[in-house]
Amino acid sequence: MLDIKKIRENPEFYQAETAKKNSQVSISSVLDLDVQRRKILTEAESLKSQRNSVSKKIGELKKKGEDSSAIMEEMRKVGERITELDNQIRDIEEEQKRLLMHIPNVPHPSCPEGTSAEDNVVVRTWGSPLVHSFTPVEHKTLGERLGLFDFERGAKISGSGFPVYRGLGARLERALIQFFLDQHRQNGFEEVVPPYLVNRKAMTGTSQLPKFEEDMYRCDKDDDLFLIPTAEVPVTNLYDDEFIPEEKLPLRLCAYSACFRREAGSYGKDTRGLLRLHQFNKVEMVYFSHPERSYQDHEELVGHAENLLKQLGLPFHTIVLCKGDMGFGAAKCYDLEVWAPVEKRWLEVSSVSNFEDFQARRGNIKTKINGKNVLVHTLNGSGLATPRVMVAICDHYQQADGSLVIPEVLRPYMGGLDVIRAK
RNA sequence: GGAGAAUUAGCCUAAUGGUAAGGCAGCAGUCUUGAAAACUGCCGUGGGCAACCACUUGGGGGUUCGAGUCCCUCAUUCUCCGCCA
């Protein structure tokens, strides 16, 4: 959520910049409501002031045993008028908040201009694309031959997009997760095991709601709970309505979780195998940052994610998203895309964003700087989502004989196993 | 699931239905060569150029001229009972 006071100061800027993120909400309609609100508020407050002082007088009169019924009757009427005005204010505030909740964050000036993925800019490339000396098979085929994945039975019990990992595939999946978490611990993160079901307030705090409710799995028959689409939601909301001491910033947390996404409306070629799923595993990194240092921290965070791919030996590039391609709440966002030589394309495996105070304002997450309350900045990034990393591993590490070599850094987690062969 | 108790500002703690008192921590200033101490102001949110005003006692409602206080409801925590792993 944006700061209404800042919008008031520079409406043209906010109108122009939010429009670049495809916002339909008109800034001037929010400001019109704001003017109305303040006008009625002033009237209500002066009546309340009157009521307060007169009520005090009534108390004194009663103490002296004098009659006060006339002014009590008058105050009853004032009270009714106040209720009326308060109701109007509440309605206006609700409408204003509803609009504000649908306005996206404003992109940082360092983000490239642009309207779609085509305008994103590559900032770094690591490694060089692998050329196979044999005809490679795609990950789905390879994994099924080696008994790593079982898509058919997953579909049978849940539907498409719910893969089953089996045997060494299950172990490899777990190895990835544990490798990521161990790396983060060495980088000073505290590990968190969060709930997978969260309430509406948490979903709203990180801005999945109200705008994207149809993308979430809901348990609303009896409970109004949501399955988390990412551990960002429970972890970022951990400190809602709290103060984080300035000296603890940046507070670095990481969490493994399963992630649940309805992916409503995404069909097509991306749905093969592990490429797009309704349930997948991810390790998420979250920073609560000092507002003056969040962009430094953002660079550090993207570096952590990149380092994981380097250690896995998977070529990737880092792109900075243009203003029109960024997510709703982000002020700046880097995507990491790993090269998949069988797919012959880049696959997004991480998204690292700085939300500035956009989420912190919703969640009321503060710190105290020079005696003043200030919203912190929140950042998060995948580190990493496993399925497409698994695809890239299958693509890169498959051998001419149909076996799959285990990346070296994962072998300690596989009991020293260095290659998976067909039985 | 049942019974009881609790929730006041960053923290701790008051308030016979009469309009939130203190303390600690923090910030700014005075004093000081400097620091400490002491003193003064600030120290939740909103409105106002300002003087000021309003709101804020876990959330939401109600009674009242007036609610931290009385009533209803919800949440969370603690204690006990029951059930289950």
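Remember, predicted model here, so these are calculated numbers, not experimental data. So you know, we letter chains A, B, ... as the sequences are listed, proteins then strands, and number each from 1.
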Regarding Glu73(A) and Arg76(A), does a basic nitrogen lie under 4.0 Å from an acidic carboxylate oxygen? yes
Residue pair Lys366(A)/Glu73(A) against RNA chain B: nearer the 5' end by closest nucleotide is Lys366(A)
For A67(B) versus G60(B), give the span between their C1' atoms, rounded off to a whole number of Å. 15 Å
Looking at Asn52(A), I'd like to know whether one of its side-chain N or O atoms comes within less than 4.0 Å of OP1 or OP2 on C65(B).
no
| query | Does any N or O donor sit under 3.5 Å from an N or O acceptor when you compare the side chain of Glu45(A) with the base of G46(B)? | reply | yes
Does a donor on one side chain and an acceptor on the other come within less than 3.5 Å for His317(A) and Glu337(A)? yes
Side-chain N or O of Lys5(A) closer than 4.0 Å to phosphate OP1/OP2 of G46(B) | yes
Here the distance between atom P of C55(B) and atom CG of Asn87(A), to the nearest Å, is 16 Å
query = Looking for any heavy atom pair under 4.0 Å, which part of the strands does Lys56(A) touch: base, sugar-phosphate only, or nothing?
reply = base
_Quick check on U19(B): is either OP1 or OP2 less than 4.0 Å from any side-chain nitrogen or oxygen of Ser55(A)?_
no
Quiz item: What nucleic acid atoms does Lys201(A) come within less than 4.0 Å of, heavy atoms only: base, sugar-phosphate, or nothing?
Solution: nothing
### Message
Measuring only the P atom in each nucleotide, how far is C11(B) from G82(B)? A whole number of Å is fine.
### Response
36 Å
For the C1' atoms, the ones on U19(B) and on G41(B), what distance do you get once it is rounded to whole angstrom? 25 Å
With rounding to whole Å, what would you report as the distance between C39(B) and C55(B) at their C1' atoms?
32 Å
Taking U77(B) as the reference, what is the distance to G26(B) when you measure between their C1' atoms (whole Å, please)? 28 Å
Quiz item: Which whole number of Å gives the distance between the P atom of C70(B) and that of G22(B)?
Solution: 24 Å
Taking 4.0 angstrom as the limit, do Glu17(A) and Lys20(A) come out as a salt bridge? yes
